[in-house]
Amino acid sequence: NYEGAQVITISSTRSPMFENARQAAFINLPRIKTARQKAGKEAHFTLRVMDSRTLFTGQGVLLWEAIRLQEEEKLPLSRVSTPLEQLRDNIYAFLVPNDLHFVRNRGKKKGDKSVGWLSYQVGSALNIKPVICAHRGETKVTIKASGFSSAIDKLLNYTADRIKEGLRVPVVVMSYAGDPVEIKSHPTMRKFEAFAKKFGIETVFSVMSTTAAINVGAGAFSLAYAA
């Protein structure tokens, strides 16, 4: 019933999903064409798999732009990949973990060394929360704050500065591993959403995916944009 599919996976540096999806596409494309022919449809089918080189809400930025390109720019699916590939290296996805023990131990299994042993020990003792940034397949701590609420404040204020400088696409995607009311009622969040709206930036908010939450723990917050 469809003439194509675009798959956008989590960064290949953190998951085998990209390679698995690429192999599945290679194996199944001939079968799809055969099935279409049997159904009396044109055999051609566009199937592209893209490594987002980002994590969590970073994928949301790419998805938002993929939909915009088709709905507003009227681009066919076959022409969406190129602008998305140009956009992905400008995406900055941030994570504020609420449980350092959880994110450190799960991250080690994924090859992530953003929260080292010393940072974990000091952070746990002094309640220092890191803000981890994923960019071009790599992760690193970019901001530190005393307490989760302060970390959220710093990240939102930092993002507001990036909005002033100009974003590549007019959207900021956010997610939370918990009840959305908890984070949306945060005073700085309300100010940030009003600020973004003044600059014509759409704010998209969702509950964090189960897969992401399993890896970073309950209460984690993620935010992404294309600078």
Side-chain angles (χ1 to χ4, degrees), residues 8-11 14-15 17 52 54-67 91-107 109-110 112 114-115 119-120 123-124 127-135 139-163 167 169-197 199 201-227:
I8 302 174
T9 75
I10 190 170
S11 177
R14 294 293 179 270
S15 167
M17 185 62 72
S52 71
T54 186
L55 304 171
F56 311 129
T57 46
Q59 285 179 270
V61 174
L62 284 170
L63 178 60
W64 185 92
E65 178 64 358
I67 294 170
I91 291 178
Y92 293 80
F94 298 87
L95 175 75
V96 183
N98 201 20
D99 186 338
L100 281 185
H101 174 80
F102 200 94
V103 77
R104 169 171 156 73
N105 284 280
R106 293 292 296 186
K109 295 178 181 179
K110 299 284 185 179
D112 190 305
S114 302
V115 180
S119 295
Y120 166 67
S124 299
N127 193 30
I128 295 174
K129 302 295 184 183
V131 178
I132 301 168
C133 175
H135 179 57
T139 54
K140 64 178 181 180
V141 174
T142 55
I143 302 170
K144 291 182 180 180
S146 178
F148 183 76
S149 180
S150 178
I152 296 293
D153 290 346
K154 285 191 174 185
L155 176 57
L156 292 175
N157 290 332
Y158 179 84
T159 304
D161 288 339
R162 303 293 79 75
I163 289 175
L167 302 183
V169 291
V171 68
V172 174
V173 181
M174 295 175 280
S175 69
Y176 179 63
D179 185 345
V181 174
E182 294 175 8
I183 200 76
K184 287 186 74 70
S185 60
H186 194 287
T188 307
M189 178 64 73
R190 291 198 293 266
K191 292 179 183 177
F192 173 78
E193 289 184 312
F195 173 85
K197 188 175 181 179
F199 280 80
I201 303 297
E202 182 178 352
T203 51
V204 179
F205 194 94
S206 73
V207 174
M208 188 174 287
S209 73
T210 304
T211 304
I214 285 172
N215 282 286
V216 297
F221 173 73
S222 179
L223 176 151
Y225 55 79

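Each residue takes its place number in the sequence, starting with 1. Only heavy atoms go into these numbers, but all of them, side chains included; no hydrogens, no water, no symmetry mates.
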Kindly give the heavy-atom pair with the smallest separation between [X] and [Y], and that separation in Å.
X      : Y      : answer
Pro180 : Phe205 : CB-CE2, 3.8 Å
Thr203 : Ala196 : CG2-CB, 3.9 Å
Phe148 : Pro97  : CD1-O, 3.9 Å
Ser150 : Ala145 : OG-CB, 3.6 Å
Ala134 : Thr54  : O-OG1, 4.4 Å
Gly217 : Ala177 : O-CB, 3.7 Å

Can you tell me if Ser209 uses its side chain to pair, donor with acceptor, with the backbone of Ala212 under 3.5 Å?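 Yes, Ser209 side chain to Ala212 backbone: donor-acceptor pair under 3.5 Å.
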
Ignoring hydrogens and geometry, is there a side-chain-to-backbone donor-acceptor pair from Ser52 to Thr9 under 3.5 Å?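 Confirmed, Ser52 side chain pairs with Thr9 backbone.
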
Would you sort out whether Val172 and Arg162 count as a side-chain contact (heavy atoms from CB on, under 4.5 Å), showing the intermediate values? CA-CA 11 Å; Val172 174; Arg162 303 293 79 75; over 6 Å; no

Under 30°, 30 to 60°, or over 60°: which ring-plane class applies to Phe199 and Phe195, parallel, tilted or perpendicular? tilted

Spatial distance of atom [atom1] ([X]) from atom [atom2] ([Y]) [nearest 0.5 Å]:
X      : Y      : atom1 : atom2 : answer
Leu167 : Ile201 : CG    : CD1   : 4.5 Å
Ile10  : Phe56  : CD1   : CZ    : 6.0 Å
Lys154 : Lys129 : NZ    : NZ    : 14.0 Å
Arg190 : Lys184 : CZ    : NZ    : 10.5 Å
Leu223 : Tyr158 : CG    : OH    : 11.0 Å
Ile67  : Leu62  : CD1   : CG    : 11.5 Å

Decide side-chain contact (heavy atoms from CB on, under 4.5 Å) for Thr142 and Tyr92; before the verdict, give the C-alpha distance in whole Å, the side-chain angles of both, and the deciding distance to 0.1 Å. CA-CA 11 Å; Thr142 55; Tyr92 293 80; over 6 Å; no

Indicate, with yes or no, if the rings of Tyr225 and Phe94 have centres closer together than 6.0 Å. yes

Is there a side-chain contact between [X] and [Y] in this structure, where contact means two heavy atoms from C-beta onward sitting under 4.5 Å apart?
X      : Y      : result
Asn215 : Thr211 : yes
Tyr176 : Asn98  : no
Ile152 : Val96  : yes

In a check of side chain to side chain contact (heavy atoms under 4.5 Å, CB included) between Leu55 and each of Leu95, Ile91, Ile132, Thr139, which one passes? Thr139

Is there a side-chain hydrogen bond (donor to acceptor under 3.5 Å, both in side chains) between Thr57 and Ser222? Walk through the geometry before answering. CA-CA 6 Å; Thr57 46; Ser222 179; 2.7 Å; yes

Let me see the working for Phe221 and His186 under side-chain contact (heavy atoms from CB on, under 4.5 Å), right down to the final yes or no. CA-CA 12 Å; Phe221 173 73; His186 194 287; over 6 Å; no

Begin with the C-alpha distance, continue with both residues' side-chain angles, and end with the deciding distance and a verdict on side-chain contact (heavy atoms from CB on, under 4.5 Å) for Ile183 and Met174. CA-CA 10 Å; Ile183 200 76; Met174 295 175 280; over 6 Å; no

